[in-house]
Protein chains: 2
Amino acid sequence: MKKTKNINQLDHLKQICNKAGIKLTHQRLEIYKEIIAQKDHPSAELIHQRLQEKVPTMAIDTVYRTLATFEELGIVKKLNIHSAKTLFDANMDQHHHFVCTQCNLVEDIYWPEFDSSRLPDTLSAMGQIQSRHLELHGICKKCNSTVE
Amino acid sequence: MKKTKNINQLDHLKQICNKAGIKLTHQRLEIYKEIIAQKDHPSAELIHQRLQEKVPTMAIDTVYRTLATFEELGIVKKLNIHSAKTLFDANMDQHHHFVCTQCNLVEDIYWPEFDSSRLPDTLSAMGQIQSRHLELHGICKKCNSTVE
DNA sequence: AATCTATTGACAATGATTCCCATTAAGTTT
DNA sequence: AAACTTAATGGGAATCATTGTCAATAGATT
């Protein structure tokens, strides 16, 4: 059972790598198996730590690089709005954000109907919900009109 | 007109600082005016740059500290899920996140009805929307039951 | 097996953010 | 208004996450 699953994972990644024209390396496979196995939201550092036992020589750089590759391949997604920098918002009214995936523009969105709507019971059962924030990603008007 | 507005801003911040028992410093006032004036989502660095002319001696450190203070006072909000570290998600199914404000737990949320619902025209008018991501913040069950 | 070249590991470098501490300046008291 | 108290600032060093560089290594191909 377990063996079958592992083989499938390997095959799956092999297939992805082939299609993308990149090599299936030991490191990529181990990282792949690790992130598939764990159902949480690890940082690059945590993944590196978790692989210490299995692949003690793996450099943290490789984890970052592999994760970036995996993101391009659609295997993982980064959480967080942009990358590093923290942004601040002085608008404390209840609102949401539209983020342009091209120029990184952030625009405020108001949607009071959504704010006051009741969440499905499954969601409110997660805990005591304090706030909700919707993030829409897309191409803003300006970028859309600037066709290259 | 402008003068009146400035006085009001000063008074407003003075009131907030008094209530919080902290000093109303020149730096805090300038940063306050800056973030109130601009309707965008600046980084600490950008705020620092913008204040170069007016307060050329202000240290970037002060901007960070002041912003942190302002966040506690409810004057600004940080965008971004956590602070620094980027988290990765290997779950590529359309889903959303619940984030515990206490223990930083991140849990997946599924809400297909929302995913397939039509957005108000005002929102879809922002641009060509590619994805939507809802982030619920609150206290998770475990933290809620661990009453101190 | 030999070859080609992407990928890795090690380490330096960068960028964002925070810590430390002597100096400065709000807010308070005299 | 001058003196005082202590929080807050400025500046530089330190830290943390992430990325760049490059020689050595190991997939993939022949």
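Residue numbers start from 1 in every chain, and the chains themselves are labelled A, B, ... in the order their sequence lines are given, proteins ahead of strands. Below, all heavy atoms of this structure are taken into account, side chains as well, without hydrogens, waters or symmetry copies.
C/dA6 atom C1' lies 8 Å from atom CZ of A/R28, rounded to whole Å. Atom CG in B/L13 sits roughly 13 Å away from atom P in C/dA26 (whole-Å rounding). Atom P of nucleotide D/dG12 and atom CE of B/M58 are separated by 17 Å, given to the nearest angstrom. Taking atom CZ of residue A/F70 and atom C1' of nucleotide C/dT7, one finds them 13 Å apart after rounding to whole Å. Taking atom CG of B/L67 as the reference point, atom P of C/dT18 lies 10 Å away to the nearest angstrom. Taking atom CG on A/D61 and atom C1' on D/dT21, their separation rounds to 11 Å, with Å as the unit.
Annotation: B/E53, atom CD; neighbour count of heavy atoms from other residues, nucleotides and ligands within 6.0 Å does not exceed 12.
Judged by atom type and distance alone, B/R65 reaches the base of D/dG10 through a side-chain donor-acceptor pair under 3.5 Å.
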From CA spacing to verdict: side chain to side chain contact (heavy atoms under 4.5 Å, CB included), B/L13, B/I75: CA-CA 10 Å; B/L13 184 58; B/I75 297 174; 4.2 Å; yes
Stepwise side chain to side chain contact (heavy atoms under 4.5 Å, CB included) check, B/W111 with B/L136: CA-CA 12 Å; B/W111 193 5; B/L136 298 182; over 6 Å; no
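Salt-bridge formation is detected for the pair A/K54/A/E30: a Lys NZ or Arg NE/NH1/NH2 atom is positioned less than 4.0 Å from an Asp or Glu carboxylate oxygen.
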Report each atom pair, protein N/O against N/O of nucleotides 24-29 of chain D, whose distance is under 3.5 angstrom.
{"residue": "D/dA28", "atom": "OP1", "partner": "A/L24", "partner atom": "N", "Å": "2.9"}

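Regarding contacts with the backbone of D/dT18, a side-chain N or O of A/Y64 is found under 4.0 angstrom from either OP1 or OP2.
In the model, A/H96 has no side-chain atom that pairs as donor or acceptor with a side-chain atom of A/D108 under 3.5 Å. Between B/Y64 and B/H48, the side chains place no donor N or O within less than 3.5 Å of an acceptor N or O (distance only, hydrogens not considered).
Ring centroid separation for the pair B/H133 and B/H97 comes in under the 6.0 Å cut-off.
Non-hydrogen atoms lying under 4.0 Å from DNA chain C are contributed by nothing in residues 48-56 of chain B.
Connection of A/L119 to B/I109 is established within a shared hydrophobic cluster, with ILVMFWY side chains joined at heavy-atom distances below 4.5 Å, either directly or through further cluster members.
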